Structures are given as C-alpha cells and as structure tokens.
Amino acid sequence: MASSSKANLAEQDEGEEAEEIEHFNDFTLASSWERFISEIEATCRQWLADGPKRLLEKGAVHLDSSDNIYKVKSELKNAAKIYSMEYYFEISGKIADWNCTLHDLQLCFGVKEFLVISPQSASGVVLDAPEATKLLSAVSIALANCSSLWPAFVPVHDPSRKAFIGIQNMGTIFTRRFEADRIGSQVPIKFMHLEGLYELFVSKFAYCMSDHSMHLFRVHLLMKLTYQTLSNDEDNYDDIQEADTENAESETSPGCGNPNRKHWDDDCPWNEWYSAEDPVMRFDLVVTWSEKVVESSLEMAEMENASPHEAEKWILAPNLYPNLDSSKGDRIGFASQLHLLVNALGMSFEAPFIEDFVSVENPGSDNLESTMVIPPPTVLDRVLKDLFLEDPQLPDFAKDEHKSSRAIKGAPVESLFAQFCLHSLWFGNCNIRAIAVLWIEFVQEIRWHWEESQPLPKIPANGSIDLATCLINQKLQMLAICIGKKRELNEEFEDCIGTKDDASANMEEANKDGDESSSFHARSQAFDEKRDSLLTPEGFNGSKTVESKFSANAQDVHSADKSTLDSIRRGSAGPVGSMKLLKLCQSLHAPFTQSAPLMTEDMHEERLRAIETFGFSFNFSAQLERETLSSDMSAFKAANPGAVFEDFIRWYSPTDWENDESEAKGPSTDLTEGMNVDWPPQGRLSRRMSESGNFWRKIWDEAPILPASEQKPLLDPNREGEKILHYLETMQPHQLLEQMVCSAFRASADTLNQTNYGSLKEMDTKMDQLYLTMASTLRPLQVNLLSNTSDTIEDLQRLCVVFEHVEKLLILAASLHRRFRQVPRISEAIFSNYYNFYLPTMGIGLADVDTQKEFDMKLQLSQNERQVVSNMFTPPTANQSWRKVLSMGNHLNGHEPILREIIFSMHDNASDNHYASSSHRDYQQDTETYRMYTCGTSNDLRVALSIISYD
C-alpha cells in the first residue's frame, strides 16, 4: 500500500516537471536586443491596459506647458545603456487646434498621444544615426506586437536643433514616418518667403518635376503669425538712443531742449510717492488664417502681401512680468514701506521719548541698527517745504473717498498729518530714527506757525473738529482754529490802536483851534469805536458817563438813560414764532449765541471720566456747561429786555416748561387792547427747574446782560494752542507710531482708491474687503490697546501682505484700463482671468507663492476690437527700423511677425490610389499623405515632415 502511494507521487512529480519543461521560455537563446524589445512591449501593454484614468491614479505627471496633457515614464536598459520611455496622453477627447496649448510634437506632426524614447544622458538625444534607427525599430516592433497605433519618436542630433525621427503603424499596410530639424542661423533667403516654403513642400512628392511653379497642386494651407509689441525695456533703449542723439545736437544748439520721456504711470495717483513697474511686459498678437487650398506658388506670393486684418482670427495673449505674483524684495510700493513702518512701531516701545531715538547719549542707542540712517538736511528741508507749502485753495478732503474709509481712525489723505505719514514712509527708509528726526522738525515748524500766527496748510479752519479722525489730526484742526482766533484778536487790537491814534491826532488838532465841541466829538467817537470792540460790560457803562455831560441834572438823565437802555434789544436773531414774554407782551426773540467750545476726543473722554467719578446729576451737568450756559443766558437777556428765567427755559429747554392747558386763556385788556393775542402764556417750570437751589437759576441771576458780540470768547485760543503744542512735543513714541500706522494705511489705501481702473467688479470687491480688513486689524491701535508683547504687530504684518496683494492687482488693473479704455471688454476679460489665477495665492505670503506656474491666457478679438489692438503696434522709429531687418511679409504697421507657423498638407483619396487594391478596407475619405509644419523667422527655421508610405 505504501509502495503504491510512493509510486503515484513519483509519477505526479515527473508529470509536473514535464509540464514545466514544456512551458519554459529559454531566454538564454534570446539576444539582448530581443529582450529589450520584450521589455518595451511589456511596458506598452501595461499602459494600454491601464488607460488614461488608471494612469492618473498611478501618478501620471501633468505638463505645466499644457492644460490637458499628462505623461508617465519608465526606464529601460539595453546592454550598458539606460533609456527613458515616456508616454504622453490627453484626458479630454476633444481635438485641440493649434491655437490651444499643445505639446511641441503634437504641433509639429499633428498627433494626439505618442511615445518618446531617449537615452538618459546629459544631452538627452541619440547622436549616433544607426543607434537612433535601431532604437526606433525596436519601439516600432514592440508597438506592432501590442497592436498599438501610438506614434513613437526619438530625439537625434544636437539638442539645439530639436530634431526628431519617428514612426507610426497605421494599422494597415501604411506607415507614417516623421522627421523634424531646425536651422538656427543663416536661413536661405528662399525659405524666408512663403513661395519658397511652398516649393519645399511640393518637392517632397513631386520628384520628377523640375519647375514646381509651372504645375498645379492642391495643397491645403494653414498659417498663423505672431506679432509682439515692444517691451518697456526696448522702449527705454530706444529713448536712450534718441536722447543721446538729441543731447549731441543740443551741444551745438544751446537753445534746443530735451524733453524727458513720460513714464507709463506719470498721471497715476501713486506716482507722487513712487514709480511702479508696468506689470504688463508686452502683448502677443496671434493672427490665424482659415484653411486655404493653394494651387501655385504665385498664390503664395500674393498671400505674403496680405494684410493681417484679412485673417480669420485675432488672438491676444498678455505677457506679464514673472515676478508680478512673487515677492523677491525688489518691488517698492506702499505695502513694502508700510511693513517698515510696522517694524518701527514695534521698536517704539524701547524709549519713553521721541528724542531718545535721536540722541547719541541714549543708553539704548546701541540697539538701533546701523542701517537706520538719517537722510541729509537737504532732504529734510525738501520734505518740510512740501508739507508746509501754502496752497491758496484747500483740497477737497472728501473727494474720491471710499465709503469705508472713515471706519479707519486716521487722517484724511490730503490733510497735513496724513501727508506727514506718507512722507515718513519714504524718509530714511522709514526707520524709527528717521521718523523721530522728521517728527521733531515737524512740531518745530508747527510751533513757528503758532507763534507767528500763520495758518496751517492742508487743514481747514472751518470751526469744526472731525472726531472720526485720529487724535493728532483733531489737535491740528483745533490748533488751526486757535490760530484763526488769535489772528482775529490781533487784527482787532491793531485796529483799536490805529483808531485810538487817529482820535488822539484829531483831539490835538481841535485843541489848537480852541473848538471845544469838536474836541469832545473826537473823543466821543474814538471811545465809541473802542467800546464796540470790547467784550466786557465796562465799555457799556462808560458810555453813560460820557452822555451825562449833556444834562444839567446828571441824576435825572442817568435814570432816564437807564430805563431807555434796558429796553434796547441787542443781538437778536429774530422772533421765535408767536412766543411772547411772560412779563411783557412782546415777542420772544432768539439771540445770537457763541458756538459751543470745541473739544477734541481726549477732552470729551476727560468729561466722561469726571461724570463717572462724581456721578451724573442735573446740577453737576450744569457745572460742566457753566460757561456756555452763562453765555447763552447773557445773550438771551440782551435780546429780550425784561425777560425772566422762565422765558429762557421756554426757549432753551422746552421740555422743562409744562403748559397748563386747563387754565383759561383770556386776552389782555391793557397793553393788547384791540388785539386778539393770548397773553400771558400759562404754564410752569418742571420739577427739576423749580427745585430750591437750582444751579441754572443761580447762573441766570449772575449772568450779565450782554450780547454775544460783547462777551468774552468761550474758547481761549492762547491757552488751548499752548496745550496742543505741549501734547505734540511730549507724546510718547508708541502713541505717535500708533496713529501714524492708522493714518498711513488709510492714506495709502485712499491714494490707490483714486486710481481709474474702469468697471472691474473684482477690483471693487477687493478694495471693499481691504478697507474692512484694515478697519478690523487697526482697531486695537485706535483704542490704545497695543503693548510691546501684543499680537497686533503680527496682525499688522499680515495686513501688509494683504495690502501688497491688492496693490499689485490694482496696478495691473490700471495698466490694462489705460491700454483698452475704448474696448473695456479686453481689459475686463484679461483681469478677470488673472484674478482667478492669482486668487489662490492671496491667503498666503508672497514668498510662499509657487512661481513655477505662469499665467497663460489667449483672448479672441472681435472685429471692432482689432483696430484698438492694431494701434498698439506703433510704427517703428528710426532706431527700431535700423535694428530690425524686414525680411518677411505680412507687416502690421511696419512690424514683421516674430514667428510664422505654416502647416502644408496634401490629401489623397485612398480608394483612388494604387494602394487601394492591396488594402483590406475600403477608404472613402481623404487621407493626409503629406504634412509639413514650418516655424520660424528670418533667422530661424524649423521644419517637421510626416509622410505616409506603403510597406
């Protein structure tokens, strides 16, 4: 039993060994070349089995140069050499034309998916011709074994020639062969023209014909020309050459002038502070002709003279500067300087006084970097002159102001302090030492204006203070008002002194003549004029002493005079409706009153703190407003002789007078006899006004009878002016820098907001978002919540990054709008496309932006837009014409195309040719038997040829 089982096992093992021997592949007999083909075949079979979607999942690489092309790669080894085989494929089944972004080999040979096999060497090309042919044969055999129709290419010759050879199995008895090469210099004159290129193509299939121009061939032709506007660098070079020529001429002719070239942003709002580089380097215009059938070289000669305006399509492609979407530290703008100002804010906590950053004896001066240089005095003087230059007409502070600008507690862009902040951004590279020097000189200049009673420039003296601005701007506004009041007092004093001198001279003259009446008249006139200018009651009482000299009985005259003067109404602005006085049946008049004393934000806060400390009460509120209340009561008494406290309350605080509607109102019978007038008014004071010891009644009793014109001003300009200067001279550095940061951000944004960029909705949205972001980020600075260890500094640095993004977009928008003002669709389309391209980078720092991907856009133009684009190609100057040799046709305003691409093709019907009888299929469609792609200029020519041949 055991022996039989062992026998069965032995037979089974022998059967398995025989089966293995039967299926054994003896590679020891295969050559290395055959193993290489087998390896290629295995790789191709795997790629065919996976398909595009599976290859994407396995990590196919997307080509940056194309939107829809991917590639996979595999390494192959043959003997001692290692080759790289790459498979290029597309995901979309849509056939792309040559106006789209195609791979170089797709454009040259009209293929869709293909293989490229090349050696892994420094050059990446096969320099040996037999090796290239052998390599291409191996790939062709492998693809045939896989039943694949992929074309395969091998790079050959020198890499600069971009030469390829290739082959494609058409699946029948046909095979397509490819060949491409390039002439890098000394292109034959014949091939610079369309006629010569046409004859070159015809020569590929018309072998026996000596003169191609005498025979007709139906050749299909597609042509694309690329024109390019001059870049800014080329414009500058030409202008320099022209300037040198003009300078040479001006040396012989001293009267000749040399006007400077106008920069592209000379009339842009930011140009006052810096000159921005034009973000648009140049434009490419791609002009495409529709497919034509050409039968002779004469037609090609005519086509070379055709105008680009006759082309079917015009496609515009903007070329932007590569560093537009990256930060390399070489771009100067508001954002870069604001970043330096934020750094200065962080250093401002290191010293308690501004002078400490300037003084050499400061113990902390060693911490200041040596790079924090102070500009020379000439620069400082130029800045101060620009700041304090008197402008006869004040600017409109609300002009072009953004709707959210006032949410930022800074100074208006045209105000004095905002201009100081903007100058600080560029003064000494905005370091803390330079800012300290400029501020000290700035305050000294302000003090000079105060002491000399000279009006402050760039500040409206309209008698109001804008509490929505920063505190320094409020102080400067109040100082401007104080200077105005001070000037008025000085002028009144000088007028009074001049009048007094004139009166004294008249009196001396009168005394000499002995005319007593004339002498008295002169003295009386001088005194009356002086009295009108005084704001105290003594002037009024003095007039009664003078008039008493006319009466024999001085006491009687004085009594009569007093009753007369009490009934004189002074300082009235007119009656208040039908209101009557309580004690007299006379109309109640509203007086002219002094304006309430102006207060800055810190003064309001001081009052609020006082109220919080002592508690809010009616009498305490009256004490705070005592001067204003007393002034208004005095003016009311002067405008309403005989008025009582209740009359003032009825006019000043109607809510504190309670009308008694229940009491009957009968007309008066004494003073108003014959008149239907309800008098006296019925009512009573409110409870708080009728309380014993009411502070308002006490002020009323003490208030003199004086109109507002004779009262002491509520605002003491000398006292308030000195307090403001003391504040400016002693403020702490971080308080100054906090307000400077807020004002600088607001002023910079307001300056950019004045830019004209058309109707770009995306730009409007970004500007709105910028103002809201600034308002929220700068809020801690506005409420004095910043400290040396605060995170606000980091938030401000991030705000600078956001500001830089928006600033770059706005400069691009302005550049596009200036070029396409007449056809806004172009600028809107380009900006919208770039905005979507740039948007993903706006949430990160510019240093982290991936700059490998470049902006690429092509916009097809309509007929009415072509002329505007054509005008961008200005006729070349003498220098440009000398530098360029026009060797090609199809000129656009004197500009030849920088690139000319042509596709020649010959189509045959397979059913009509000699291949049809041997074919197993019936071809009833045209087959592209010959195709030639040419690309180049007068100094460069590349030719790619594909031919279908019969195997």
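In this text, all values refer to a predicted model and were calculated from it rather than measured experimentally. Note: hydrogens, waters and symmetry copies are ignored here, and every other heavy atom, side chains too, is used.
A salt bridge is defined here as a Lys NZ or Arg NE, NH1 or NH2 lying under 4.0 Å from an Asp or Glu carboxylate O, and K292 with E299 fails to meet this definition. D278 has a carboxylate O that lies under 4.0 Å from a charged side-chain N of R819, or vice versa, which qualifies the two as a salt bridge.
Ring geometry, H309 versus W314: the interplanar angle falls from 30° to 60°, so the pair is classed tilted. Classification of the F904-F201 ring pair by plane angle, with boundaries at 30° and 60°, yields parallel.
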| field | E310/S307 under side chain to side chain donor-acceptor pair (under 3.5 Å): CA gap, chis, key distance, verdict | value | CA-CA 6 Å; E310 301 175 8; S307 169; 5.4 Å; no

| request: Evaluate the criterion side chain to side chain donor-acceptor pair (under 3.5 Å) for residue pair D265 and H263; output intermediate values, then yes/no. | output: CA-CA 6 Å; D265 63 344; H263 199 259; 2.6 Å; yes

| Working for ring pair (Phe, Tyr, Trp, His ring centres under 6.0 Å), residues H817 and F831 | CA-CA 10 Å; H817 176 69; F831 182 82; over 10 Å; no

| message | side chain to side chain donor-acceptor pair (under 3.5 Å) for E762 and S832? Distances and angles first, verdict last. | response | CA-CA 7 Å; E762 295 90 348; S832 178; 3.2 Å; yes

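For the residue pair N939 and V187, the shortest heavy atom distance occurs at C-CG2, 3.7 Å. I315 and K858 make their closest contact through CG2-CB, 3.5 Å (heavy atoms, listed as atom of the first residue, atom of the second, distance).
Summarising the geometry, atom CZ belonging to F174 is positioned 12.0 Å from atom CG belonging to N169; distances are rounded to the nearest 0.5 Å. Distance check, rounded to the nearest 0.5 Å: CG of L105 to CD of E113 gives 13.5 Å.
Annotation: Q822, atom CD; neighbour count of heavy atoms from other residues, nucleotides and ligands within 6.0 Å does not exceed 12.
For F164 and F114, the distance between ring centers is not under 6.0 angstrom.
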